[in-house]
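See structure below.
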Amino acid sequence: MLARALEIVEKAKAAAEELGVPMAFAVVDAGGHLVVVERMDGAGFATAEIAWGKAWTAAAWGVPSGTLADRIGADPSFAAAVSVATAGRFTPRQGALPLPEGGAVGASGGSSQQDEDVVRAAIG
C-alpha cells in the first residue's frame with residue numbers, strides 16, 4: 001500500500017502544480033489509517049488534516065466524499081453527530097475518492113472541484 005500511496009501523491013502533486021494550486025494530499029488504507037500525508041509548499045496548514053478527513057470519509061463509506069455531502073446536505077445534525085462520534089474525522093466535502101483496492105485518497109487546498117479533479121487525475 002505504501003508504494004501505491006506514494007505514487008498517488010506524486011501524481012496528485014503534478015496535477016496540482018499544473019493548476020498552480022498548492023494542496024495537501026492524504027492516502028488512507030481500508031481501515032481509514034493514514035498511510036501518507038503530504039502538504040505542498042504554500043498550502044494552508046489545515047489542508048493536511050482536511051485531506052485526511054476527506055480520505056477517511058471516502059474510505060469509511062466506500063463512496064466519494066462529495067456524495068456524502070450531497071446526501072446529508074438536508075440533515076446537518078446527522079453530519080454533526082457523526083463528526084462527534086468519529087472524533088472529528090468525518091469530513092463530508094468533495095475532494096476524496098475511494099481506491100479500487102481499498103482505502104481512499106483526499107486532497108485539500110483548491111476549490112472542492114479542483115481537489116476532486118486532482119485526486120481523479122492521480123488515481124486515473
Side-chain angles (χ1 to χ4, degrees):
M1 177 80 192
L2 178 59
R4 171 82 166 123
L6 291 169
E7 174 187 312
I8 289 168
V9 168
E10 286 305 311
K11 289 180 179 179
K13 284 193 314 189
E17 287 170 354
E18 230 177 82
L19 289 175
V21 179
M23 295 183 178
F25 315 98
V27 180
V28 299
D29 65 16
H33 301 100
L34 188 60
V35 178
V36 172
V37 65
E38 188 165 332
R39 185 174 56 86
M40 295 172 67
D41 290 344
F45 73 87
T47 57
E49 290 291 329
I50 295 166
W52 184 8
K54 289 178 182 182
W56 183 95
T57 300
W61 272 262
V63 298
S65 57
T67 298
L68 290 169
D70 293 340
R71 286 184 191 168
I72 64 171
D75 190 3
S77 62
F78 174 76
V82 175
S83 184
V84 168
T86 61
R89 188 59 53 210
F90 182 63
T91 310
R93 300 295 305 158
Q94 184 180 12
L97 298 172
L99 294 169
E101 63 269 26
V105 57
S108 179
S111 69
S112 293
Q113 187 63 58
Q114 288 173 321
D115 294 348
E116 185 170 313
D117 290 347
V118 164
V119 167
R120 192 171 305 283
I123 64 174

Straight-line distance of S65 OG to I50 CD1, nearest 0.5 Å
12.0 Å
Heavy-atom closest pair (A96 atom, A58 atom, distance to 0.1 Å) is CB-CB, 3.9 Å
Least distance between heavy atoms, A69 atom then P92 atom:
CB-O, 3.0 Å
Quick check: are there more than 12 heavy atoms from other residues, nucleotides or ligands sitting under 6.0 Å from CZ of R89?
yes
Between CE of M23 and CD of E17, what distance do you get to the nearest 0.5 Å?
11.0 Å
Hey, is K54 close enough to E49 for a salt bridge, meaning N to O under 4.0 Å?
no
May I ask you to decide whether K11 forms a salt bridge with E7, counting only side-chain N to carboxylate O separations under 4.0 Å?
yes
Give me the atom names and distance for the closest heavy-atom approach of G53 to T91.
CA-OG1, 3.3 Å
Hey, what's the ring geometry for F78 with F90, parallel, tilted or perpendicular (30° and 60° as the breaks)?
perpendicular
Identify the two heavy atoms, one from A15 and one from A121, that lie closest to each other, and give their separation to 0.1 Å.
CB-CB, 4.1 Å
Shortest non-hydrogen pair, P98 vs A104, comes out as CA-CB, 3.8 Å
From CZ (R93) to CG (D115), nearest 0.5 Å
10.0 Å
Please say yes or no: joined through hydrophobic side-chain contacts below 4.5 Å, possibly via intermediate residues, are V9 and L2 part of one cluster?
yes
Roughly how far, to the nearest 0.5 Å, is the CD1 atom of I8 from the CD atom of E38?
13.0 Å
Check: A81 main-chain N/O paired with S83 side-chain donor or acceptor under 3.5 Å
no
Does a sphere of radius 6.0 Å around CD in E18 hold more than 12 heavy atoms from other residues, nucleotides or ligands, not counting ones at 6.0 Å or beyond?
no
I need the T57 OG1 to L68 CG distance, nearest 0.5 Å.
7.0 Å
Connected via hydrophobic side-chain network under 4.5 Å: V36 and V118
yes
Any chain of hydrophobic side-chain contacts (each under 4.5 Å) joining L6 to F25?
yes
Rounded distance (nearest 0.5 Å) linking atom OG1 of T67 with atom CG of L97
8.5 Å
Identify which one of Q114, Q113, R120 satisfies the side-chain hydrogen bond (donor to acceptor under 3.5 Å, both in side chains) criterion when paired with E116.
R120
One pair to check against side chain to side chain contact (heavy atoms under 4.5 Å, CB included): V28 and W52. What are the steps and the verdict?
CA-CA 8 Å; V28 299; W52 184 8; 3.6 Å; yes
Would V37 end up clustered with V21 when hydrophobic side chains under 4.5 Å apart are linked, directly or stepwise?
no
Is W56 linked to V35 within one hydrophobic cluster, defined over Ile, Leu, Val, Met, Phe, Trp and Tyr using a side-chain heavy-atom separation of less than 4.5 Å?
no
Checking V27 against L99 for the side chain to side chain contact (heavy atoms under 4.5 Å, CB included) test, could you report, in this order, the C-alpha distance in whole Å, the side-chain angles of both residues, the deciding distance, and whether it holds?
CA-CA 9 Å; V27 180; L99 294 169; 4.2 Å; yes
Where is the tightest heavy-atom contact between T47 and G109, given as atom of each residue plus distance?
CG2-CA, 3.9 Å
